[in-house]
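Just so it is clear, the structure is predicted and the values come from calculations on it, not from any experiment. Atom set for the values below is all heavy atoms of this structure, side chains included, hydrogens, waters and symmetry mates excluded.
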Amino acid sequence: MVEHLLRLKITLLRNSVRRSPRQLVGLAIGALFSLALVGLGVAGLLALRMDLELARTVVVLAGATALLGWAVVPVVMTAGDLMLDPARFSTFAVPMPQLLTGLALGGLIGIPGAATSVLALATVGTWSRSAPAAAGALLGAVLGVLSCVVLSKVVTTATARLVGSRRFRDISAVVFLIPLVLTGPIVAGVADGIARSGEFLPQLARTLSWTPAGAAWSLGGELAAGSYGAAALKLLIALATLAGLALCWKTLLQRALVSPPNAGQARKKNGGLGLFVLFPATPTGAVAARSLSYWVRDPRYTGALIVVPLMPVLLFFQSSQTGTYAPLLMVGPLTAFLLAWAISSDVSYDSTAFALHVATGVRGVHDRLGRALACLAFALPAVLVFSIGPFVLLGDWDGLPGMLGLSLGVLFSGMGLSSAVSARYTVNVPLPGDSPFKEPPGNVAQTLAVQFGGMGVLVVLVSPEIALLAAQWSTGSPVPGWINLFVGPVLGLALFGAGVRLGGRWLDARGPELLAQLAVHR
């Protein structure tokens, strides 16, 4: 039965990449990238053979990090390994020991399992200076890898009901954007912390080596140092950890087989009108309420909102690296640009649901204005706060009028341009319900042309505000800044109205054609 489960996992994995050449290419790229990282890791572990203390620190900390990763990543990345979902075996009388063994070994089949196994076995080379140390490292690698896999199964089985929730999948996909956006500050902070923690990290590794997180990974180091008593105690800790995790997994799996996560879930009752009560009962109000609900509930939209509060963090980090606060002062215009341009693909995000707008005969100008007002409901306060906030922090108010005028000009002008662009062009975006990270197939050249062409046009539209701000900075006179505070909103609102009217006319004339293009993108 164990062999049958492993063959089933391999067959499912092979068939999943046969569905389309894109999946096969993606798997190949992921495999090559993982191979390069694994190669670097193996070379580093082999190089540690010359330094006993450094090797003990690195191996234990890396092993504990791997254990944590196997516990967290399968839950955060909700598109995890569901090929051998335990709920699918609820109608089969598979003996529990064989099912546990097959599912555990099946967890090693794939890029994460193979990479972890290779790196764990490379620690044998790290401790190859003596036979007992190499044998202890091999035993620790086996126990460590099995603990990683079983812990992953414990976590995914325990959170099966939560992960099965659409709301959880949407939230986790959006939250995953945070470390991606903050990659620069995180990497710099970790590197700086490591450089300043020469004494702390070895002590942390020694402490972790007596815990379930690092006991298995420390066996080779203890035997290399001749600490046989400590190695025996840590072996008992590692064995007890694996046994305890296996027992927890068995208990959770038995419950999952008797009562699958999706069984007996009651259908939610329909709520009230929601956001529709906040808007007037007009076509524009209905479109605004519908669009604002998407901003709250659709992860493809909320992904843009997650980036907005992180902008000051990124620009503050950039300012600290360059020694000037100029990047931080630009947080207002950059936020305005991101939020204004976010609705340039709103019709594409609607997908075939755009048929509602076509079938009900909503006028194009009402559609354009409703979508823009929904975005302005939170974009305008955010731009005002991020434009004024840096000057409050620095206590320098001279540049505020010019920067605020530029921010409002970018916001309103960008809203008008986006209202026209989304009514004229459609682009390939993730379909409703898909992960915001999914890369849909399609005409990449057209998508890039629309996006970058629109951004270039927006720069031209706000060129008067940019010129006035440059004049203020070059002359030091506050007069161009105050002029910009007037020109930015006035010119921006004029372009906003023009974009809404132009987009409305295009939508009235091309509504069926847009719907046909959206149907092709599915």
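Within the 4.5 Å cutoff, the side chain of Ile343 has heavy atoms near those of the Trp295 side chain. Contact of the Arg56 side chain with the Arg206 side chain is not registered, since no non-hydrogen atoms from C-beta on lie closer than 4.5 Å. A 4.5 Å side-chain heavy-atom check between Leu245 and Lys153 finds every atom pair outside the cut-off. The shortest distance between side-chain heavy atoms of Val42 and Leu121 does not fall below 4.5 Å. Leu67 is listed as a side-chain neighbour of Ser147, based on a closest heavy-atom distance under 4.5 Å. In this structure the side chain of Leu334 reaches within 4.5 angstrom of the side chain of Leu315, judged on heavy atoms. Here the side chains of Leu235 and Leu143 are in contact, with some heavy-atom distance below 4.5 Å. A 4.5 Å side-chain heavy-atom check between Leu339 and Phe378 finds at least one atom pair inside the cut-off.
Between Leu52 and Gly221, the shortest heavy-atom contact is CD1-O, 4.4 Å. Closest heavy-atom contact between Pro390 and Leu329: CB-CD2, 3.9 Å. Across Ala137 and Val124, no two heavy atoms sit closer than the pair CB-CA, 3.9 Å. Between Leu151 and Ala71, the shortest heavy-atom distance links the atoms CD2-CB, 3.7 Å. The shortest non-hydrogen separation linking Pro212 to Thr241 is CB-OG1, 3.2 Å. Of all non-hydrogen atoms in Ser407 and Ser387, the two that sit nearest each other are OG-OG, 2.9 Å.
Annotation: ring-ring contact (aromatic ring centres under 6.0 Å, His included) contacts of Phe386 (sequence neighbours excluded): none.
Distance CG/Leu40 to CG/Leu119: 10.0 Å, rounded to 0.5 Å. Interatomic distance, CG of Leu394 versus CG of Leu328, reported as 6.0 Å (0.5 Å rounding). Rounding to the nearest 0.5 Å places OG of Ser345 at 11.0 Å from CG of Asp350. To the nearest 0.5 angstrom, Cys375 atom SG is 15.5 Å from Tyr294 atom OH. Rounded to the nearest 0.5 Å, atoms OG (Ser418) and CZ (Phe337) are 8.5 Å apart. Taking OH of Tyr349 as the reference point, atom OG of Ser344 lies at 8.0 Å (rounded to 0.5 Å).
Without hydrogens or angle criteria, Ser152 side chain to Cys148 main chain gives no donor-acceptor distance under 3.5 Å.
The side-chain hydrogen bond (donor to acceptor under 3.5 Å, both in side chains) contacts involving residues 223-239 comprise Ser209-Lys234, Glu222-Lys234, where partners must be two or more places apart or lie in separate chains. Screening residues 113-129 for side-chain hydrogen bond (donor to acceptor under 3.5 Å, both in side chains), with sequence neighbours left out, gives Arg49-Ser128, Trp70-Thr116.
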Task: Test side-chain contact (heavy atoms from CB on, under 4.5 Å) applied to Met311 and Leu338, step by step - done: CA-CA 10 Å; Met311 287 293 297; Leu338 288 176; 3.9 Å; yes

